[in-house]
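Heads up: the structure comes next, in structure tokens.
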Amino acid sequence: MAQHKAIRDYIRTIVDFPHEGILFRDVTTLFADPRGFRMAVDQMLHPYAGLRIDKVVGLEARGFILGGAVAHQLGTGFVPIRKKGKLPGATISQAYTLEYGEAIVELHDDAIQPGETILLVDDLLATGGTAEAGIKLIERLGGQIIGCAFVVDLPDLGGRKRLEAMGMDVHVLCE
Ligand code: PRP
Ligand code: ADE
């Protein structure tokens with residue numbers, strides 16, 4: 001009997017990218033496969049399907065690919081959090097560090113209304129620095145985060161514990 005592949009089987013590892021010593025978990029191979037991509041999107045939104053979600057917020061860049069599909073499926077709007085200097089309107093910003101660097105992310109200051117319910121989406125949770133920056137931006141606008149969904153968690157880097165310590169519901173598809 002044919003064995004169906006699990007989500008993790010579609011993800012490849014690139015050694016020493018973007019720096020020596022980093023094992024980069026590359027989800028482009030998951031996205032490129034029709035069954036893998038559909039499974040990932042369906043499993044990400046599954047815990048939230050019956051809840052009132054006003055907007056899906058995606059973190060640049062792979063959070064846009066997943067977040068757009070999740071928003072379409074849930075029938076919500078989609079809002080991007082982008083790296084500094086990319087959004088055209090008035091923004092709020094937040095600095096952060098991640099596994100292999102530091103950066104600043106931004107959110108349009110009118111993209112979320114106070115009290116709106118939000119699902120935050122990204123491909124991967126490592127240190128949690130990127131997601132924490134996103135959470136801070138959403139909460140500064142008064143958004144109420146219902147959950148944070150990721151395809152991959154790297155548990156050794158502590159991101160999940162970090163977000164849970166902030167009171168977040170964290171949903172991951174594989175480690
Ligand atoms: C990766 C990944 C997450 C982040 C996770 O993005 O897609 O957004 O790192 O790391 P952390 O939990 O340690 O913060 P990256 O910064 O490489 O940006 P990109 O998607 O724009 O390439
Ligand atoms: N973001 C932070 N660490 C990562 C890793 N090891 N693989 C892919 N994306 C990442």
Side-chain angles (χ1 to χ4, degrees), residues 7 27-28 30-31 37-99 101-154 157-174:
I7 297 270
V27 294
T28 62
L30 170 72
F31 294 171
F37 186 54
R38 181 175 292 279
M39 262 189 355
V41 171
D42 287 350
Q43 289 183 25
M44 279 186 109
L45 64 83
H46 186 257
Y48 309 103
L51 306 180
R52 197 199 97 202
I53 306 280
D54 293 316
K55 282 171 180 155
V56 172
V57 174
L59 293 163
E60 187 169 349
R62 290 168 292 277
F64 295 172
I65 296 161
L66 290 159
V70 167
H72 177 75
Q73 202 60 18
L74 289 175
T76 72
F78 174 81
V79 169
I81 288 182
R82 296 214 62 179
K83 304 279 167 64
K84 185 177 169 58
K86 297 291 186 179
L87 288 172
T91 57
I92 57 171
S93 30
Q94 185 70 46
Y96 66 100
T97 58
L98 73 161
E99 189 185 6
E102 53 192 62
I104 294 174
V105 278
E106 296 182 329
L107 172 61
H108 273 143
D109 67 5
D110 59 356
I112 293 169
Q113 307 311 310
E116 280 189 323
T117 50
I118 306 295
L119 175 60
L120 181 66
V121 169
D122 202 359
D123 66 322
L124 181 139
L125 182 57
T127 66
T130 309
E132 181 177 321
I135 290 164
K136 286 181 175 163
L137 289 173
I138 294 164
E139 291 188 335
R140 276 166 63 189
L141 295 184
Q144 188 193 333
I145 301 169
I146 301 298
C148 305
F150 306 87
V151 173
V152 187
D153 175 35
L154 306 181
L157 293 175
R160 181 176 196 143
K161 287 201 176 86
R162 181 172 175 177
L163 301 194
E164 285 175 348
M166 297 173 75
M168 292 295 130
D169 170 84
V170 178
H171 173 50
V172 301
L173 307 189
C174 63

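These numbers were taken from a predicted model, which means no experiment stands behind them.
- Of the candidates Val70, Asp169, Ile145, Val57, Leu119 forms a side-chain contact (heavy atoms from CB on, under 4.5 Å) with just one, namely Val70.
- Note that CG of Leu137 is 10.5 Å distant from OH of Tyr96, once rounded to the nearest 0.5 Å.
- Contact detail for Ala40 and Leu30: the closest heavy-atom pair is CB-CD2, 3.9 Å.
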Test side chain to side chain contact (heavy atoms under 4.5 Å, CB included) on Arg82 and Thr91 and set out the steps.
-> CA-CA 10 Å; Arg82 296 214 62 179; Thr91 57; over 6 Å; no

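- For the pair Leu66/Phe31, a side-chain contact is recorded, criterion being any heavy-atom separation below 4.5 Å from C-beta on.
- Side-chain atoms of Gln94 do not come within 3.5 Å of backbone N or O of Ala133 as any donor-acceptor pair.
- In this structure, Leu74 CG and Leu45 CG are separated by 5.0 Å, a value rounded to the nearest 0.5 Å.
- In this structure, the side chain of Arg160 does not engage the main chain of Leu125 through any donor-acceptor pair within 3.5 Å.
- A donor-acceptor distance shorter than 3.5 angstrom exists from the side chain of Lys55 to the backbone of Ala111, with no hydrogens or angles considered.
- Distance check, rounded to the nearest 0.5 Å: CD1 of Ile112 to CD of Glu139 gives 10.0 Å.
- When all heavy atoms of Phe78 and Gly63 are compared, the closest pair comes out as CE1-O, 4.1 Å.
- Nearest heavy atoms, Gly77 versus Ala71: O-CB, 3.8 Å.
- Taking each heavy atom of Ile146 and Arg52 in turn, the nearest pair found is CG1-O, 4.4 Å.
- Within the 4.5 Å cutoff, the side chain of Leu107 has heavy atoms near those of the Val79 side chain.
- A donor-acceptor contact shorter than 3.5 Å links the side chain of Thr117 to the backbone of Asp54.
- Interatomic distance, Glu116 CD to Ile53 CD1, rounded to the nearest 0.5 Å: 11.5 Å.
- The side-chain heavy atoms of Glu106 and Lys84, taken from C-beta on, include a pair separated by under 4.5 Å.
- Taken from CG in Asp42 to CG in Leu173, the straight-line distance is 10.5 Å, to the nearest 0.5 Å.
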Test Ile7 against Val151 for side chain to side chain contact (heavy atoms under 4.5 Å, CB included), laying out the working first.
-> CA-CA 8 Å; Ile7 297 270; Val151 173; 3.8 Å; yes

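- Counting only distance, with no hydrogens or angles, the side chain of His171 and the backbone of Gln43 share a donor-acceptor pair below 3.5 Å.
- Between atom SG of residue Cys174 and atom CG of residue Leu124 there is a gap of 9.0 Å, rounded to the nearest 0.5 Å.
- Of all heavy-atom pairs spanning Leu141 and His108, the tightest one is CD1-O, 3.6 Å.
- Closest of all the heavy-atom pairs between Ala69 and Val41 is CB-CG2, 3.7 Å.
- Formation of a donor-acceptor pair under 3.5 Å by the Glu102 side chain with backbone atoms of Ala95 is not found in this model.
- A donor-acceptor pair is defined here as one N or O able to donate and one able to accept, closer than 3.5 Å; no such pair exists between the side chain of Arg162 and the backbone of Leu157.
- Residues Tyr48 and Thr76 form no side-chain contact, since every pair of their non-hydrogen atoms from C-beta on lies 4.5 Å or further apart.
- Counting heavy-atom neighbours within 6.0 Å of Arg140 CZ, excluding the residue itself, gives a total above 12.
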